[in-house]
Every structure is written in C-alpha cells, then in structure tokens.
Peer 1: 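Before I ask anything, let me first share the structure, which is written out below as structure tokens.
Keep in mind it's a predicted model, so treat the numbers as computed, not measured. Proteins come first, then strands; the chains are lettered A, B, ... in the order of their sequence lines, and each starts at number 1.
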Amino acid sequence: MPGVGAIGARCRHRPRRSPRKSPKAEPGPAGAAMDAAIWIYQFRLIVLGDSTVGKSCLLHRFTEGRFPGPLHSDPTVGVDFFSRLVEIEPGKRVKLQLWDTAGQERFRSITRSYYRNSVGGLLVFDITNRRSFEHVKDWLEEAKMHVQPFQIVFLLVGHKCDLVSQREVTREEAEKLSSDCGMKYIETSAKDATNVEESFTILTRDIYELVKKGEITIQDGWEGVKSGFVPNVVHSSEEAVKPRRQCIC
Amino acid sequence: MSVMSEKDSSENLKEEASHEDENEQKPEELGSTESSEQGEQEHEPVPMTRKRPEPKPPSQPAATEKAPAETLKVSDSLAASQTGWGYWGSWGKSLLSTASATVATVGQGISNVIEKAETSLGIPSPSEISSETRDATEGSENPGDSSTDAVDDGTSFPIAGALGVLSTISTAVQSTGKSVISGGLDALEFIGKKTMDVIAEGDPGFKKTKGLMNRTSTLSQVLREAKEKEEQQTATEVTMATEKKAHYGLLFDEFQGLSHLEALEMLSRESESKVKLVLNALSGEELDTLKEEMEQLREAFSLAEFSEEEEEEKRGDEEFTKEVTELFSELHVSTKPDKLIMVRTSAREWIAQFNIDLSKEEEESEENRAESRDGDHDAKKSVEDIHAFAIRSLAELTAYSIEMFHKTAALFLHGQKKEVTATDRAKSLSQMTIVLCKELSTFSKEFTTCLTTAGVKEKADVLNPLITGVFLEASNSASYIQDAFQLLLPVLQISLIEARTELLQQ
C-alpha cells in the first residue's frame with residue numbers, strides 16, 4: 001500500500017543546484033546567541049491518533065520536559081499548540097510548530113483542517129490498546145484525503161512502552177505496518193522520557209533532508225515549511241525560496 | 001462608536017453573502033474554496049482549508065513613512081489635544097477604534113510608535129534632557145525647593161511637558177515618599193493619553209488603518225507579520241538579551257497566542273459561511289424570526305461601556321478569580337480558565353513582592369541614605385527587568401485569554417449540548433471580555449507605578465519609552481481580546497441556529 005508516508009510520491013523536482021552549498025557555518029555574533037528567533041527552517045508537525053493514546057503527554061514531555069500525570073489528563077479540546085527548537089546539525093536549528101489534535105471523534109472536523117498545512121506528523125498509537133493500533137490505517141487514509149495537494153512525512157509511534165506487561169501490539173507487527181506504509185517506527189514513553197526526543201528529531205531530520213534535496217519546497221500559501229531569518233546566511237533562505245518559481249511539476 | 005462598528009459588521013454579514021474577495025486569493029485556492037463551500041458539512045468548509053495569504057499589505061510602508069511628518073504637527077498642538085483615552089477607545093469603549101488601533105500600532109512597529117509618541121510629547125534634545133535631569137536629581141537632595149521648581153517647569157513649559165511631569169514625580173517621590181504616587185499616576189495616565197492621541201492623530205478617523213485591516217483581513221495575520229518583523233529584527237541585530245525579553249509579539253507567539261487566534265479565526269470563518277448558507281436557504285417568516293434572534297445575539301456582543309469610577313475602584317485580589325470562574329461556569333463548557341487565572345495570580349504576586357521589597361528598602365535607605373545612593377543596587381529590580389516582566393505578563397495574559405476564547409468556541413461547536421442559550425453565553429462572554437480588559441488596565445497602571453518608583457534615578461529618555469511601552473502593549477492587549485471576542489459571534493450564531501432546528505424538530 002503506497003501510504004501517505006511514502007515520501008516524495010508527488011515530488012516537486014527542482015534543479016539540483018542549491019541544496020548542499022546553502023547553509024554554511026553561522027559566523028559572527030549570531031552563532032553565539034542562543035536566540036529563540038534564530039532558526040533556519042520552521043516545520044509544522046501534526047500529532048495524530050486515537051483518544052487517550054498519550055499525544056498531549058508526549059508533547060508536554062518534549063516541549064516542557066515534564067510528564068503531566070493523571071491529574072492533568074483532560075482530553076484535548078479541538079487543537080492545542082506547542083513549539084520547540086531542535087538542533088539538527090551543530091549551529092543549525094529548526095523551529096517545530098507542533099499541533100496537538102484531539103483524538104475524540106467529535107472534534108474530527110476541526111483536526112481535519114490541520115493536515116494540509118503540516119509537513120510531517122507523528123501517528124501515535126498505544127501499545128497497550130489494540131484498537132488504537134488498528135485505527136492507524138484509518139488515520140493514514142484520512143490524512144491522505146485531506147493533505148492534498150501536499151505531502152506529509154509520517155512517523156509511526158508506539159506509545160506507553162513503559163507498560164510492557166500490558167502490551168497488546170508486538171513490535172514486529174508495528175514494524176511491518178510502518179514499512180508497508182513507508183514510515184519509520186519508534187516506541188516511546190512520555191512517562192519515562194524514552195525516545196521522546198529521538199522521535200521528534202528523527203522526523204525533523206528526515207524532513208530536513210527532503211527539504212535539502214528539494215523534494216519538499218517552501219511554497220506560498222503553505223505553512224508546512226518556512227525559512228527562518230538567519231543573519232549572515234541569508235543565501236540559504238533565499239535559495240530555498242527561489243527554485244519554486246522554476247519548478248515545473 | 002460602538003454603534004458604528006456594529007453596523008459595520010451587520011452590513012458585512014448581509015453583503016458578504018454574495019462576495020468572496022476578503023483576501024487576495026490565489027487561483028489554485030479558489031478552486032478548493034468554492035467546491036468545499038457547496039459541500040456544506042461533509043468536507044469541512046472554506047476557511048479551514050484556505051491558505052493563509054502572505055500578509056504583505058502594500059499600504060503599510062507608506063503609512064510608516066508618513067508618520068514623522070505628522071508628529072511634528074501633533075507636537076505643536078500638544079496642549080490643545082486633550083481628547084484622551086475616551087476618544088481613542090480606551091479599554092473596550094469602542095470596537096472600531098480599538099480594532100484599527102491594533103493595526104496602527106502593530107503595523108507601524110511598536111518602537112516606531114513609541115518613538116513617535118516620544119517626539120510629540122515634546123521631549124527636548126539629549127543635552128536638554130541631561131541638564132534637566134541633573135537639575136531634578138540635584139534638586140532632590142534638598143527636597144523643599146526642588147519639588148516646587150519642578151512643578152513649575154512642568155506647567156509653564158508645556159513643550160517639555162512629559163519630562164517636566166516625570167522629574168516632578170521623581171523629586172516628589174524621593175522627598176515625600178508614597179503619598180505622591182497617586183498624583184504620579186495621573187501623570188502616567190497623561191503620558192499614556194498622549195501616546196494614544198499621537199497614534200490617533202497620525203491617522204484621523206483611522207481611515208488608513210481601517211483600510212489596511214480590510215485588506216489584510218485578519219488580526220492574526222497582522223500580528224503574525226508584526227511578530228515576524230520582530231523576529232527579523234532580533235535575528236539581524238542580535239540585540240542585548242534584555243531587549244529580546246521584551247518583544248511583545250515574540251512573547252505572544254511563544255505563549256501560542258497567535259496559533260490560538262488563528263484557530264479561532266478559522267472556526268469563526270467556518271461558522272460564518274455556514275450561517276450564510278442557512279440564511280440563504282430560509283425565506284419569509286422563518287427568515288425574519290431568525291434574523292430577529294440573531295439581532296438580539298449581536299446586541300449582546302456590543303460591549304457595554306464601563307465607567308471610569310468603576311475602573312478606579314480597587315478590586316480585591318480574589319475578585320478577578322471569582323468573577324472569571326463564575327462567568328466561565330455560566331458558559332457550561334468543559335474547560336476551565338485555569339491557565340489564565342494562574343498567570344494573572346503570579347503577576348499579582350510579583351507586583352506585591354516588588355512593593356514589599358520597596359518598602360523594606362525605604363526603611364533601610366532612611367538610615368544610610370548616602371551609602372545606598374552610590375552603593376550597588378544589584379538586588380533591586382532594574383527598570384528593564386520590570387518592563388520585561390510587564391510586557392511578558394501582558395503577552396501571556398492575552399495569549400491565554402485568546403486560548404480560552406478558542407477553546408470555548410470549539411466546545412460551543414462540538415461540545416455536548418447544554419441548556420444555555422446562545423444569547424446568555426454571549427452575555428457572559430461579553431462580561432468576561434470587560435473583566436479581562438479592566439484587569440489589563442489595572443496591570444498597566446501597577447506596572448508603570450513600579451517603573452516610576454524603581455526608575456526614580458533614571459533619565460527620562462530611559463524611563464519614558466518603557467512606561468509608554470507598557471501602556472501601549474496593555475492597550476493593544478485589550479484590543480486583541482476584544483477582537484477575539486468578536487470572532488465568537490458567528491460561532492454563537494451557529495449555536496442559535498442549531499438550537500432552533502432542534503426545537504422545530506421536536
């Protein structure tokens with residue numbers, strides 16, 4: 001099944017001229033300043049999955065370094081927002097805008113509208129909840145329908161891996177599903193902070209590589225990828241934007 | 001003025017049934033837009049899928065460039081223009097003016113406006129400032145004469161108005177202590193008023209800004225652009241850490257205010273087009289009754305003016321929490337305004353702590369005045385610290401208010417049905433908006449009082465922009481909240497329509 005995760009399915013080839021040479025070192029005072037405003041790209045990522053699989057906890061752990069715990073487990077209303085910077089290469093930072101969607105069916109019409117402007121997504125299921133795993137394909141289908149005409153890079157996340165004894169989904173079958181759909185698979189635990197950092201970094205790196213290769217391009221009116229303001233490395237953002245005009249799809 | 005804005009929006013609603021312009025949509029968008037609009041409920045409609053156009057209002061540079069020329073004129077007529085907050089829109093008095101002021105400020109870049117305000121306040125040249133301040137500080141050592149001198153300066157030379165007033169405050173506070181602070185507040189308000197006037201005078205009738213607002217179409221876009229500008233500035237200049245801390249736009253975004261505003265706008269537009277569809281499908285008596293009901297709902301959305309005296313009265317600390325919690329429970333939704341209350345409480349505590357520290361210090365400095373004067377005040381909060389905290393608190397409070405509105409809207413649309421009418425919900429929300437704006441106003445006063453007290457020894461050109469900045473951002477915050485509140489109207493119109501349909505089906 002050629003899942004939505006299949007990368008570059010509708011790729012926008014562009015002349016292979018810019019990718020490598022673009023962002024060099026960050027010289028000058030800017031490199032030193034750990035300034036929140038300095039990042040080379042901004043990616044919008046969406047977090048999907050059934051209700052109660054732990055999407056919000058995953059995001060709280062990733063952005064605030066804490067696990068909210070059972071006292072703060074009100075279901076998400078509509079959509080919530082988080083953001084964080086990730087350093088993908090020394091001196092190169094990507095700002096992640098994270099959209100935490102409600103898993104509840106009644107908010108589906110709201111969450112649907114967020115697919116389109118996302119460049120990547122974490123598709124989360126709960127390894128102790130078989131149904132949530134079975135719904136992964138439905139989520140992919142739904143995303144595929146609403147992401148048009150853009151593409152979205154997915155990472156399959158088996159959450160709550162601290163609860164080994166209650167496991168209802170084996171790693172093998174999850175890996176099988178993910179590779180069938182052209183995704184990577186990772187098991188995480190927001191409670192123990194296992195692989196939380198890794199999951200976001202992997203997804204961000206994969207997207208970054210696609211952007212560098214030109215398989216994902218910045219486009220007007222699409223919020224998925226934006227170039228940031230980098231002093232002294234302005235070429236990078238300019239070059240990233242420019243090729244779009246020459247792009248013939 | 002509020003009447004005008006109401007009419008505006010009601011006309012919009014009627015007219016927009018036929019036109020689609022709003023923002024310059026690109027051809028490829030139009031396709032998806034139109035098809036989904038007809039598809040009603042199933043494919044989620046227009047606004048959700050619509051691309052956000054890059055906010056690049058063409059008129060903006062012109063407006064900014066024009067500013068300096070106009071300030072000259074303003075400064076001449078400084079004494080004459082005593083219109084003040086009321087005229088400018090103050091805290092929720094006029095939706096129209098606040099909405100356009102939002103754009104005026106944000107569009108021009110906050111620092112520009114402050115600069116502009118400074119110029120027109122009649123701040124003299126740097127050399128004059130330094131001599132004035134020297135006078136003032138020297139004077140403070142022998143309180144008796146100097147305070148009267150300073151007062152004279154302030155009144156007899158209106159051109160040096162602001163500075164005169166400020167040095168009066170400094171001297172007065174130093175010599176007589178706390179009793180003068182209330183007098184000082186008037187002066188601060190005066191400065192605030194002037195700032196607002198300057199903005200208003202720069203664009204009489206807010207024609208330009210209103211036009212700008214229409215073209216760029218949404219508040220979040222305007223704000224996003226402002227934020228991006230700030231980002232660009234910060235990134236290129238790599239300014240000092242203190243300055244970065246006090247960028248309202250960046251902070252507002254950091255607290256996810258922009259995202260929630262954008263999300264709220266999406267819900268609002270989605271609802272708006274659904275309302276249009278319903279209205280188009282109805283006719284005759286049915287249509288008339290619905291229109292009548294919607295009119296009542298709209299009335300609940302016109303914010304009542306709140307009187308100055310009421311604003312003056314000191315509100316207890318728990319009152320805000322109590323009021324907001326009660327109003328929120330009247331909405332019958334499953335979320336709580338916890339974040340909002342939390343950030344508000346911690347800001348309150350910060351101010352209280354500041355005042356405690358201050359009174360302690362006063363006691364100490366009574367004893368060894370001479371030492372503390374040139375001694376290190378590192379433990380004490382600098383004016384930059386206070387300013388940064390004030391801006392941060394305002395941004396945070398505003399962001400959470402908007403988050404609250406967004407969540408409320410989502411629950412109105414997709415929550416469980418409750419036994420509360422749309423109009424009642426509108427009334428509670430309207431009351432909530434007023435409470436929030438009042439709170440912002442109170443905060444701005446308290447923060448600027450902190451600034452004045454802490455900045456006794458600062459020069460006017462250091463202190464004034466900070467004070468103006470706090471007033472300005474507080475006023476902006478109030479505008480954002482009011483604008484966000486207005487976005488809930490179409491959402492509640494949907495609630496109203498749904499309730500009616502249910503009733504008819506029974």
Peer 1: Relative to chain B, which segment of A/Arg84 carries a heavy atom at a distance below 4.5 Å: side chain, backbone, both, or neither?
Peer 2: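 Nothing of A/Arg84, per the 4.5 Å heavy-atom cut-off to chain B.
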Peer 1: With a 4.5 angstrom heavy-atom cut-off, which part of B/Asp338 approaches chain A: side chain, backbone, both or neither?
Peer 2: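 Contact with chain A: none, neither part.
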Peer 1: For a 4.5 angstrom cut-off between non-hydrogen side-chain atoms, does A/Ile40 reach A/Arg93?
Peer 2: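 A side-chain contact under 4.5 Å is absent here.
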Peer 1: Tell me, for B/His406 versus chain A, whether the close heavy atoms (under 4.5 Å) come from the side chain, the backbone, both or neither.
Peer 2: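 For B/His406, the contact with chain A is made by the side chain alone.
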Peer 1: Side chain, backbone, both or neither: which part of B/Ser259 has a heavy atom under 4.5 Å from chain A?
Peer 2: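 For B/Ser259, backbone and side chain are both near chain A.
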Peer 1: If you draw the axis of the six-membered ring of A/Phe150, does the NZ or CZ of A/Arg116 fall within 45° of it and under 6.0 Å from the ring centre?
Peer 2: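 The answer is no; the distance or angle limit is not met.
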Peer 1: Could you tell me which non-hydrogen atom of A/Gly78 sits nearest to which non-hydrogen atom of A/Thr111, and how far apart they are?
Peer 2: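 Looking at all heavy atoms of both residues, the closest pair is O-CG2, 3.6 Å.
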Peer 1: Counting heavy-atom pairs under 4.5 Å with chain B, which one of A/Ser83, A/Ala102, A/Pro75 comes out on top?
Peer 2: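 Maximum pair count with chain B is reached by A/Ser83.
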Peer 1: Return the CD1 to CD distance between B/Ile494 and B/Glu272, rounded to the nearest 0.5 Å.
Peer 2: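 The CD atom of B/Glu272 is 10.0 Å from CD1 of B/Ile494, to the nearest 0.5 Å.
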Peer 1: When you measure from the side chain of A/Arg44 to the backbone N and O of A/Val119, does any donor-acceptor pair fall under 3.5 Å?
Peer 2: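 The answer is no, because no donor-acceptor pair under 3.5 Å joins these two groups.
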